[in-house]
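Reading through the structure tokens given below for one structure.
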Amino acid sequence: MRPFSTSLADERLIIVVSGPGGVGKGTIVDALVRRDPRLWLSRSWTTRERRVGEREDAYVFVSPERFESRIGQGGFLEWTEFLGNYYGTPRPERLDDPDAPDIVLEIELDGAQQVKQQYPQAVLIFVVPPSREEQERRLRGRGDPDDKVHARLRKAEKEEPVGREIADYLVVNDDLDHTVDEMLGIVDRERSR
Ligand code: ADP
Ligand code: 5GP
């Protein structure tokens, strides 16, 4: 059996989608994997509460104890603490399966940097909103409470300059269909390299 890093590095495209909260990352990656069956969306673990109306399978929702136990076992490809909760990507299975699909990770910037350090060939797509006002509208439209909206907007102010700097591709999520087409174009281009 080949080591983990070799199989990932040689056989799979790793697409990392990052960007500020409420910009539309979750919506975009759902559409991406629906449109391209060769893409597989990794399901993250989190210790945060499920939002009202949020899908049960949006994350694996776990207790801090369970999350920490998995950290101890080296069970995450990357993990971080974001606004008071843990979030992490479980190490993908089917590592040596040549038919395994390409991987999409939808994660925040610290995790994206961890992935880039381990797999420099990972493709980082940083998604930004057309404006901070529109980002706020989307957060409120999704039902985030006031304090969460403010915390996410503050976090975005800090993260965005870094994201723009280290991104392989910068995508403005204005019209959703256009964004998804643009991202599918990026995936095609990276596959044909
Ligand atoms: P994120 O995963 O980045 O936190 P979400 O995918 O939860 O963001 O999207 C936040 C809200 O914005 C959702 O209500 C979603 O339907 C909406 N949204 C996503 N993309 C667009 C877009 N291009 N135009 C308008 N609304 C959008
Ligand atoms: P939310 O609470 O809005 O679902 O997610 C908060 C932030 O955590 C978002 O920026 C989201 O992309 C990020 N996130 C989700 N899953 C993971 C993960 O597995 N690892 C990391 N590092 N961030 C994640």
Side-chain angles (χ1 to χ4, degrees), residues 14-34 40-62 64 66-68 70-71 75-92 103-119 122 124-145 147-160 162-163 166-167 170-183:
I14 308 169
I15 302 287
V16 180
V17 179
S18 196
V23 69
K25 301 179 297 294
T27 313
I28 293 165
V29 296
D30 282 348
L32 268 184
V33 297
R34 267 202 313 274
W40 175 79
L41 179 60
S42 165
R43 187 148 61 111
S44 296
W45 282 33
T46 186
T47 58
R48 84 150 159 75
E49 299 277 305
R50 187 155 67 92
R51 285 188 202 109
V52 177
E54 187 171 37
R55 284 198 340 240
E56 271 178 45
D57 64 354
Y59 285 99
V60 178
F61 294 94
V62 296
R66 195 156 160 227
F67 198 103
E68 283 166 2
R70 185 156 187 156
I71 294 174
F76 290 109
L77 180 62
E78 62 72 37
W79 65 272
T80 198
E81 240 183 301
F82 182 89
L83 298 177
N85 284 295
Y86 288 130
Y87 293 82
T89 305
R91 290 197 179 276
I103 300 175
V104 179
L105 305 179
E106 189 255 282
I107 59 180
E108 54 68 64
L109 208 53
D110 176 49
Q113 286 170 300
Q114 293 177 46
V115 174
K116 270 290 217 184
Q117 270 162 16
Q118 296 173 72
Y119 306 105
L124 173 56
I125 306 178
F126 195 71
V127 185
V128 292
S131 67
R132 199 63 72 213
E133 292 71 29
E134 174 60 15
Q135 182 192 357
E136 181 168 354
R137 256 193 302 279
R138 289 181 192 175
L139 285 166
R140 292 193 191 284
R142 179 173 81 179
D144 281 27
D147 58 329
K148 293 277 191 298
V149 170
H150 291 302
R152 277 160 205 266
L153 291 173
R154 272 200 307 275
K155 186 98 178 155
E157 293 287 352
K158 280 203 200 134
E159 278 192 356
E160 239 186 71
V162 183
I166 66 170
L170 187 71
V171 170
V172 180
N173 181 25
D174 195 345
D175 176 74
L176 183 61
D177 289 341
H178 182 266
T179 299
V180 174
D181 284 344
E182 193 177 342
M183 306 245 311

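Just so you know, ligand 1 is whichever comes first in the structure, and atom 1 is the first atom listed for that ligand. In this text, all values refer to a predicted model and were calculated from it rather than measured experimentally. The figures that follow rest on heavy atoms only: side chains count, while hydrogens, waters and symmetry mates do not.
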*What are the two closest heavy atoms between Glu68 and Tyr86, and how far apart are they?*
OE2-OH, 2.6 Å
*Would you mind checking if Arg154 and Glu157 are paired as a salt bridge, meaning a charged N to carboxylate O distance below 4.0 Å?*
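Looking at Glu157 and Arg154, the cut-off is not met.
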*Would you check whether Gly141 has a nitrogen or oxygen atom less than 3.5 angstrom from a nitrogen or oxygen atom of ligand 1?*
no
*Do Glu106 and ligand 1 have an N or O pair less than 3.5 Å apart?*
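In this structure, Glu106 places no N or O atom under 3.5 Å from an N or O of ligand 1.
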_Can you tell me if Gly88 contacts ligand 2 (heavy atom of the residue under 4.0 Å from the ligand)?_
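Yes, that is the case, since the closest heavy atom of the residue is under 4.0 Å from the ligand.
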May I ask you to list the atoms of ligand 1 that are less than 4.0 angstrom from any heavy atom of [X]?
| X | result |
| --- | --- |
| Pro20 | 3 (O) |
| Lys25 | 1 (P), 2 (O), 3 (O), 4 (O), 6 (O), 8 (O) |
| Gly21 | 4 (O) |
| Asp174 | 22 (C), 23 (N), 24 (N) |

*asked:* Please classify the Glu81 to ligand 2 contact at 4.0 Å (heavy-atom distances, strictly less than): side chain, backbone, both or neither.
replied: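 The answer is neither.
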_Residue part near ligand 2, for Glu78, under 4.0 Å between non-hydrogen atoms_ =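 Side chain only.
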*Could you tell me the separation between the CG atom of Leu109 and the OG1 atom of Thr80, rounded to the nearest 0.5 Å?*
9.5 Å
*Interatomic distance, Leu32 atom CG to Thr27 atom OG1 [nearest 0.5 angstrom]*: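 These two atoms lie 11.0 Å from each other.
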*asked:* With the threshold set at under 4.0 angstrom, would you say Thr179 reaches ligand 1 through any of its heavy atoms?
replied: no
*Could you say whether the N/O atoms of Arg48 and ligand 2 ever approach to under 3.5 Å?*
yes
*Compute the shortest N/O to N/O distance between Trp45 and ligand 2 and return yes if it is under 3.5 Å, no if not.*
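By distance alone, the answer is no.
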*Near Thr80, which atoms of ligand 2 are under 4.0 Å from a heavy atom of that residue?*
22 (N)
*Can you label the angle between the Trp45 ring and the Phe76 ring as parallel, tilted or perpendicular, going by 30° and 60°?*
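Aromatic pair Trp45/Phe76 classed perpendicular.
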*Which option out of Phe82, Tyr86, Tyr59, Phe76 puts a heavy atom nearest to atom 15 (C) of ligand 2?*
Tyr59
